[in-house]
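Here the structure comes first, spelled out in structure tokens, and everything after it is commentary.
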Amino acid sequence: HCDPHTIPSASVPTSPNGLSLAVSLSLTFSSPSHSLPYPLPLKTRNEVASKSSGGMEIILSSLENTQDLQTTLNILAILNELLTVGGGRRTGVFVSKGGTAVLLQLLVSSSKDPPANEELMLHIHSLLGKVGLKDRKFGVKARLNGALNATLNLVKHNLQNYKLLLPCLQVLRVYSSNLVNAVSLGKSGALEIMFEIIGPFSKKSTTLLKYVVCVLCMCSSGMNARRAVDTGYLPTLLTIYQDWHRNDTRHRHVVIRKSILGCIKNLTNIKLGRKAFIDANGMRILYNTSTLHRPIIIPTMPSSLGPQNRRPLREDLLTPKSNESPLELDSISISKGPEGTADPDLVCSLGSLVLDAGMNGGSVDGPQDEGGEQAVLEVPDTAALLPLHDPDLYLEIVKSTRSVPAYTEVAYPDYFGHVALSLREPILERAYGVQRTKIFQDIERLIHPSDILDKVVYDLDNQRSVCTIGSLKFNSKFESGNLRKAIQVRKFEYDLILNSDINSNHYHQWFYFEVGNIRPGVRYRFNIINCEKSNSQFNYGMQVLMYSVQDAINGSPHWVRTGSDICYYKNNFSRSSIAAGGQKGKSYFTLTFTVTFQHKDDVCYFAYHYPYTYSMLKMHLQKLSALRTAQIYYRQDDLCETLGGNSCPLLTITAMPGSSSNDHISQFRSRPVVFLSARVHPGETNSSWVMKGTLEYLMSCSPQAQRLRESYIFKIIPMLNPDGVINGNHRCSLSGEDLNRQWQNPNAELHPTIYHAKSLLQYLRATGRTPLVFCDYHGHSRKKNVFMYGCSIKETVWQTNVNSSTCELHEDLGYRTLPKLLSQMAPAFSLSSCSFVVERSKETTARVVVWREIGVQRSYTMESTLCGCDQGKYKGLQIGTSELEEMGAQFCLALLRLRRFTSPLELHNHNSHLLDTENDLIDTRSIPNITSPTTYVLEEDEPAFLEEVDYSAESNDENDPDLEPDLQDNHALPDPNSDSEFSRQDSLN
């Protein structure tokens, strides 16, 4: 019975053995006139919060058992002091000792007899605000203890008591981070209460308002959205946001404005909310607030877009006529001038080359020139630069190519040919703000619909209904062409819609089309509005390809990278659930680019990547066969006939035996087999250019090529999907299926090329000629460089955590040799991007099936970028046909060096590499999708672009509002007092 004020703090026992006594004294000697009799020494506070001590249990036990209000307040004051300093460690100890449940129980019990003690509620909610951020199960505990309504009722009855309101709102924010709690709070009237607090712009109590809008944002999602829309809160939110945006001129309250926008976003995730948003003129309001007071952003690095056409073009050509019709090929005689000059009067008449009536049963009547004489077309003599290209031969081959639309026209780039640029083209550096500007221009269409022309100028399905007066003229009715519809939306802006793959309703990516009736010096904007992939290399420096007919006639037949203001973003067009593979609420993406043409009345072609048609392949093969010498064994067979009635070429290339002696014949027959294939995906045209480089090297007369032919027998299928290539598909064949997913069980009628290719491989294995190397050439749309996928049991077991303790793994690491050699020899090849893991999603591909079923250890997919390189000699440059062909040649040289690293035993017995334990170790049904960054190459591995917009929110119209959402852990909560954190999350704001 002593006065606690007479006890000096230094006399309180602080040793571990006296720790309980120190805590007990602090609790017992409580003065009614003081919330805390004296502060605990630092050493004591540390020992109380230690996991090994029992001090925290004593405090919590005392708090749980005491019935005295003042004692309870003193204990809560001690806890506040303990948890305010010391970081998250002390709070973690408090949570681990069951402190969260004790506080929640105290809150509920104290709320049963209103009015609750204000000081007690203040202490409890201050502690809960600290604890809730560290307890992952806080939301579930609060709901099970019935604390949600206790805090909400306290807020409801203390709307003017800002001192108590702030900690309560902090706790509500943590409650509502759990989805189930947010729904429950919404049903209990949280939205209505928050709208009583929030109001127009005010410089007072802004911290309180930050928490209000944060709670409002969390509680307005999901099933509460309909309730908020029905109550009419959306127009109110728009008005409040407009007021805050107008008055917050110094941008000190960005967090509040962003949270209000988050609420609006949640409400517009449902169809009813979008309708209310439009009715409230929300589009115009947000557009005006976003365009007014727009901050001036200075890029951290200077941007240099560079010229669109990097080669000098002749400007002294005469102006061509613009009213002539396409010419028939039968009425054109080709004359090659010594200096490649062209009659400018014919330039404008090159709208398209029209085949004769014998092709595909079509009938085309083309006029001759006005004088009735045969028109003469002078084209550049590209034979010196393109030894494998012959326009006359190409036209003859095209006539025998069978297409579904029965094409009767030929694209000029395929006719003239393409000469690789001598100057390499750098990856485009995009200026900051381009994407924002493009999106605002798209929004302006919805705000000012009267300014939109909305005129169809090209329709592949209905050519008679289009109007091209005063507009660009489009065409895609030629081999590999893809453009379904063109719509003029502004005077110099066009929306373009791509065709899906035949017998499919998706795969919109490959494009190849012609544009005519152009005006020079005008910035034309093209928007391809039905792309499907969520990201693209167009956001990271890739440009579209353009071919100018007038430049070609003038002696510069080049595909060039072109376009400025290029970006790729989600648009407002929704995909049907059928087109999205059963997924609902998916959106299309827009690829937009701007082009300024150089010549009047020019005809230009645009393509996703360097086109390489089926007819071009047949022309190249025919020219290659003419290069055969007495030392080269070259044979071309037809592997099979496709669904479309086109042949699939199969090549055999090796060296002729030295003589007819038994030794030479034996050596000839014992050469290991290398099996190569390409172009199973039609849109990956870069794989054909790599294959072209491989074939040209194999048929060359260099000593290395001769040694290579003497070392191997090459079996090559240069185009596995001729029908898809001919008809402008991106990924599928005429069956509407991805042929690279049919290798496990191909159908002879639906997938003839895969069926016969696999049969050939099975035959080679049965005859003891299992290939030493199998490689399928591909293109990759979302990665840079060239790299390989291979197959390894060990790496797959390691990545998938399969228990291999019962089996001893023995695996030859020879599968890494070829990629390692390529990384040393080929400047575009990146070893760090290679992967040797067998993923579940790839188990039906050629690489995995040939490895697993045929027994080829060195079974690869070689992926070539569509964009460019970020390492090595070509770092910072977009890839061109010369680099792709060089890659094909370097692959051959790597095979020659591989010969030195391969033992004679392996060369003669390369059908025994698969381990007997494979099926025991790898159950394909249990292999997860590998996401390890060490060896697995992610599809989307590009860093987020500086101005990338958050498009993660999808429509939730189809969610059943009567279903209870699953329990979720608390999400990480941003600090409402930190504006910088929000600005970092969205740099567009």
**Message:** Regarding Asn727 and Tyr614, do their side chains bring together a donor and an acceptor under 3.5 Å, going by distance alone?
**Reply:** no

**Message:** Could you check whether Lys784 and Thr865, counting side-chain N and O atoms only, form a donor-acceptor pair closer than 3.5 Å?
**Reply:** no

**Item:** Sub-4.5 Å side-chain heavy-atom contact between Lys842 and Arg741
**Value:** yes

**Message:** Could you tell me if the side chain of Tyr697 sits less than 4.5 Å from the side chain of Ser702, heavy atoms only?
**Reply:** yes

**Asked** How about Lys623: does its NZ atom have over 12 heavy atoms from other parts shown lying under 6.0 Å from it?
**Response** yes

**Message:** Can you confirm whether more than 12 heavy atoms, excluding those of Asp638, are under 6.0 Å from its CG atom?
**Reply:** yes

**Item:** Charged tip of Lys758 within 45° of Tyr755 ring normal and under 6.0 Å
**Value:** no

**Message:** Against Tyr777, only a single residue in Tyr789, Phe891, Tyr612 fulfils ring-ring contact (aromatic ring centres under 6.0 Å, His included); can you say which?
**Reply:** Phe891

**Item:** Among Gln509, His730, His508, His506, side chain to side chain donor-acceptor pair (under 3.5 Å) partner for Glu532
**Value:** His508

**Message:** Suppose we call two aromatic rings close when their centres sit under 6.0 Å apart. Are Tyr512 and Phe478 close by that rule?
**Reply:** yes

**Phe675 ring center near Phe774 ring center (under 6.0 Å)** = yes

Can you measure from [atom1] ([X]) to [atom2] ([Y]) and round to the nearest 0.5 angstrom?
| X | Y | atom1 | atom2 | value |
| --- | --- | --- | --- | --- |
| Leu621 | Ile397 | CG | CD1 | 8.5 Å |
| Met719 | Ser677 | CE | OG | 12.0 Å |
| Asn740 | Asp776 | CG | CG | 5.5 Å |
| Tyr712 | Ile653 | OH | CD1 | 15.0 Å |

**Item:** Tyr610 and His418 aromatic ring geometry - parallel, tilted or perpendicular at 30°/60° bounds
**Value:** tilted

**Request:** In plain terms, say whether Glu479 and Arg402 are close enough for a salt bridge, that is, a side-chain N and a carboxylate O under 4.0 Å apart.
**Result:** no

**Request:** Would you mind checking if Lys692 and Glu886 are paired as a salt bridge, meaning a charged N to carboxylate O distance below 4.0 Å?
**Result:** no

